Protein chains: 2
Amino acid sequence: MATIKDVAALSGVSVSTVSIILNGKAKDRKISVETQDKIMEAIKALNYRPSVSAKKLRSPNAKEYTIALYWASDFRTNYLARLISGFQSEISNYQYPINIVICPYRSGSLFLEKGLQSDHTFNAAIIANTSISDMEYLNNNLPKIPTVLYNRYSEQYNTVTIDNFEVGRKAAMLLINKGIKDNIGLVHFKAPYLAMTLRSQGFIDTCIKHSIQFSDENVINTEGSIQGGVLAAEIFLKRKHLPKAIFCDSDSLAQGLLHVFNKKNIKIPEDSQIIAVGLGSPEASQYSTPPLTVVEIPLEKMAAECLRLIINVLEHRTDTSFHVNYESKLIIRDSCS
Amino acid sequence: MATIKDVAALSGVSVSTVSIILNGKAKDRKISVETQDKIMEAIKALNYRPSVSAKKLRSPNAKEYTIALYWASDFRTNYLARLISGFQSEISNYQYPINIVICPYRSGSLFLEKGLQSDHTFNAAIIANTSISDMEYLNNNLPKIPTVLYNRYSEQYNTVTIDNFEVGRKAAMLLINKGIKDNIGLVHFKAPYLAMTLRSQGFIDTCIKHSIQFSDENVINTEGSIQGGVLAAEIFLKRKHLPKAIFCDSDSLAQGLLHVFNKKNIKIPEDSQIIAVGLGSPEASQYSTPPLTVVEIPLEKMAAECLRLIINVLEHRTDTSFHVNYESKLIIRDSCS
DNA sequence: CTGTTAGCGCCTTCAC
DNA sequence: GTGAAGGCGCTAACAG
């Protein structure tokens, strides 16, 4: 990048002259129009852009933190919206600016992200939805900046989590307590994410533990979108018997099921009950047709906590690493009641 | 904020010693443990935090832009998610990092945002969902950094817009072409946002122009959430005659109507047709019960365009200010077909 | 083992 | 009208 010095050299004046013009004080200092034009030309020719770092360094520096949120770009921006809400509410508690920078990364390629390995980009980082290989990378390459993991656990990191296995277990227990004994369906997004696998595992293990039939035929891997739920529903409809109850690893998937079942006049919950993990907008689950029973994940609170804790680290209020665990909450609505 | 110099002074060593320790090179340089402890203590005592600006300034500076997105915090984070998607896809076209910082602001209080009036915070800004008073402020106080307005028009700014009036007109024309002649409802979020007002206005004016009855009783102001739509639906249900068609100024509102109408076994579109402005997840409208007819706003494309254009400005590829206008798109689905 | 110093890009004060 | 110099916080030689 060209500097003010380059501009000065090219236009044959001194740096201070350039600086004066850049700051719109040309009139005050009575700089000749020719000089100004010369300098403007040089600026364009060199594609000069002022360095915010240099400016910030010089200015009486107010306190300010810039915190990166690493977000796998194949994850639903719906969930991201909930984290941002959480950050917003936490940020309002502070007197100084806290900048959240959204850093999308390709799942499995977190190692490409230079920001984590440099200490001149962000003050701290919050890392969300890492895949198993991303976790492996992180465990072998500690970032240069303070870091919290969002909904992932590692001894070596600060973490804010929920018990994902328990999420699946809660869903299974609801069905079990309702006396359902067989023909249970499971829809999930097949991907290398531990959190998801744990939820499904919690569901399956709990079913099996209570000697509930669980046929592989009723486990459907699909995309993590409403469309994915639509596809899953169509597969279920081709079977002889619709599952009596279906666990969806996200509410997006469940919305897809609801759509298809409603269209085909399949009654929910009479013909098939639906329960989902609450990751998207809680309002959307609450007001779907019919309202969706969910194991709600407190994404906003977790995000706010991540931010609060990482700021504590930045301010030297925390010495050791922390591991905070949140509770998921079963919300029973008409889709499974 | 304390500096490395303060730390050095307090612990009675030189700045370089502190720097060595901060960068984890204590072992290499064989700094005594006592010195290290002394320094660590001083760091905590002074609550010292390294300045990223100073570090960045010193390091061989790769090109990088930090762009602020000003987003009114009372707006739905759903819509925000779509902008972020748009940014993501655009960012992937560049070889250097483009950091998007989400700056939430209180609607009507954009003037409090110091980042716009300083040039040592962000390289550029994208400003979204300004209220009428925010626009007034902006027109009288040009920011110090290159700026684009998102879905707002002003001569003095770069702008990326849609024709909001036309959005309402399109919705009205659909109903008119279907031969609906009276008892039309309108649900919107009453707030000082020009874009919304324009959409409603476009709808109302078009109805009136085609000599369609339009009673004020059928215009409902509510919150801009699904809950708001639920409330609106309940108000409609208390009337003698349900509107034959209802225009919702956002799909969130429409989801609330769908929920209530479905529950009360009111048939859509037979008993009442629903048409909405598509601001939330397009997938959610597509797969609701019934699928929702929307005038879809290309939020992602507009966001990507904002970013592309503002980078052109930063790179001196654009000289004059620009005004780009996007087309909304009527998508007819079962709720009004 | 630790200290001194130059310089990253920029702006401001002072001098010419 | 314009230039020279100092310093913002930090690191990396280079000196001891």
Side-chain angles (χ1 to χ4, degrees), chain A residues 1-39 42-43 46-66 118-123 144-145, chain B residues 1-39 42-43 46-66 118-123 144-145:
Chain A
M1 291 284 276
T3 76
I4 197 175
K5 215 183 260 180
D6 301 325
V7 175
L10 183 60
S11 42
V13 299
S14 80
V15 286
S16 57
T17 310
V18 178
S19 175
I20 287 162
I21 293 188
L22 285 172
N23 292 301
K25 293 178 184 160
K27 296 237 170 63
D28 298 3
R29 307 291 241 93
K30 304 194 185 170
I31 307 284
S32 70
V33 185
E34 301 91 66
T35 312
Q36 291 190 44
D37 289 349
K38 242 189 338 192
I39 291 177
I43 285 177
L46 294 169
N47 191 18
Y48 165 83
R49 270 286 111 193
S51 147
V52 288
S53 308
K55 290 204 169 180
K56 200 175 296 188
L57 186 57
R58 241 205 131 263
S59 72
N61 52 330
K63 189 152 135 185
E64 156 189 330
Y65 292 132
T66 300
S118 96
D119 56 357
H120 57 260
T121 309
F122 306 115
N123 293 108
K144 286 242 177 73
I145 50 176
Chain B
M1 292 283 276
T3 75
I4 198 174
K5 217 183 258 180
D6 301 325
V7 175
L10 183 60
S11 43
V13 298
S14 79
V15 286
S16 58
T17 309
V18 178
S19 174
I20 287 162
I21 292 186
L22 284 172
N23 292 301
K25 294 178 185 161
K27 297 239 169 65
D28 297 4
R29 307 290 242 93
K30 302 192 186 170
I31 307 285
S32 72
V33 184
E34 302 90 66
T35 311
Q36 291 189 44
D37 289 347
K38 245 190 333 195
I39 292 176
I43 285 177
L46 294 169
N47 192 17
Y48 166 82
R49 269 286 113 191
S51 147
V52 287
S53 308
K55 289 203 171 183
K56 202 177 293 189
L57 185 57
R58 250 208 124 260
S59 70
N61 54 330
K63 188 151 134 185
E64 156 187 329
Y65 292 131
T66 300
S118 94
D119 57 357
H120 57 260
T121 309
F122 306 115
N123 294 107
K144 287 240 177 75
I145 49 175

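Note that the coordinates shown come from a computational prediction; the quantities given were computed from them, not determined experimentally. Reminder, nothing fancy here: chain letters follow the sequence lines and each chain counts from 1.
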So [Y] and [X], do their side chains get closer than 4.5 Å, heavy atoms only?
X: T66(B); Y: T66(A); answer: no
X: V18(A); Y: Y48(A); answer: no
X: K38(B); Y: V13(B); answer: yes

Could you tell me which residues satisfy side chain to side chain donor-acceptor pair (under 3.5 Å) with [X], sequence neighbours excluded, listed by chain and number?
X: K144(B); value: none
X: K63(B); value: E315(B)
X: T121(A); value: S118(A)
X: D119(A); value: K55(B)

TODO: Could you say whether K5(B) or D119(A) is positioned toward the 5' end of DNA chain D, judged by the nucleotide with the nearest heavy atom to each?
DONE: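 Residue closer to the 5' terminus by nearest nucleotide: K5(B).
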Open item on the list: Taking any atom closer than 4.0 angstrom to a non-hydrogen atom of chain B, what span of DNA chain C does the protein reach, first nucleotide to last?
Closed with: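 Taking any atom under 4.0 Å from a heavy atom of chain B, the span is dC1(C) to dG9(C).
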Open item on the list: Checking K56(B) now: which residues fulfil salt bridge (Lys or Arg N to Asp or Glu O under 4.0 Å) with it, not counting sequence neighbours?
Closed with: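 Partners of K56(B) under the salt bridge (Lys or Arg N to Asp or Glu O under 4.0 Å) test: E64(B).
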- [ ] Tell me, please, the opening and closing nucleotides of DNA chain D, 5' to 3', among those with an atom under 4.0 angstrom from a non-hydrogen atom of chain A.
- [x]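 Contact span on the strand: dG1(D) to dG9(D).
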Open item on the list: Quick check on DNA chain C: between T17(B) and V15(A), whose nearest nucleotide comes earlier from the 5' end?
Closed with: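 The residue closer to the strand's 5' end, by nearest nucleotide, is T17(B).
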- [ ] With DNA chain C as reference, determine whether S59(B) or S16(B) sits nearer its 5' end, using the nearest nucleotide of each.
- [x]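 Going by which nucleotide is closer to the 5' end, it is S16(B).
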Could you list the donor-acceptor pairs under 3.5 angstrom formed by side chains in residues 2-9 of chain A, with sequence neighbours left out?
residue	atom	partner	partner atom	Å
T3(A)	OG1	K5(A)	N	3.1
T3(A)	OG1	D6(A)	N	3.4
D6(A)	OD2	T3(A)	N	2.8

Open item on the list: Tell me the bend of the helix from dC1(C)-dG16(D) to dC16(C)-dG1(D) as the angle between end helix axes, each from five pairs, rounded to the nearest 10 degrees.
Closed with: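 The helix from dC1(C)-dG16(D) to dC16(C)-dG1(D) shows an end-to-end axis angle of 50°.
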Task: Q36(A) side-chain N/O to I31(A) backbone N/O, donor-acceptor pair under 3.5 Å - done: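 At least one qualifying donor-acceptor pair exists.
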TODO: Any chance you could lay out the side-chain contact (heavy atoms from CB on, under 4.5 Å) test for R49(B) and Y65(A), step after step, and finish with the verdict?
DONE: CA-CA 10 Å; R49(B) 269 286 113 191; Y65(A) 292 132; 4.1 Å; yes
Open item on the list: Filter on side-chain hydrogen bond (donor to acceptor under 3.5 Å, both in side chains), then keep only pairs touching residues 24-33 of chain B, sequence neighbours left out; what's left?
Closed with: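 Found S32(B)-T35(B).
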Task: Residue pairs, two or more places apart or on separate chains, that pass side-chain hydrogen bond (donor to acceptor under 3.5 Å, both in side chains) and touch residues 10-24 of chain B - done: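 Matches after skipping sequence neighbours: S14(B)-S16(B), S14(B)-T17(B), S19(B)-N23(B).
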- [ ] Give me the residues of residues 21-38 of chain B where at least one heavy atom lies under 4.0 Å from an atom of DNA chain D, by number, or none.
- [x]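 DNA chain D contact set from residues 21-38 of chain B: N23(B), K25(B), R29(B).
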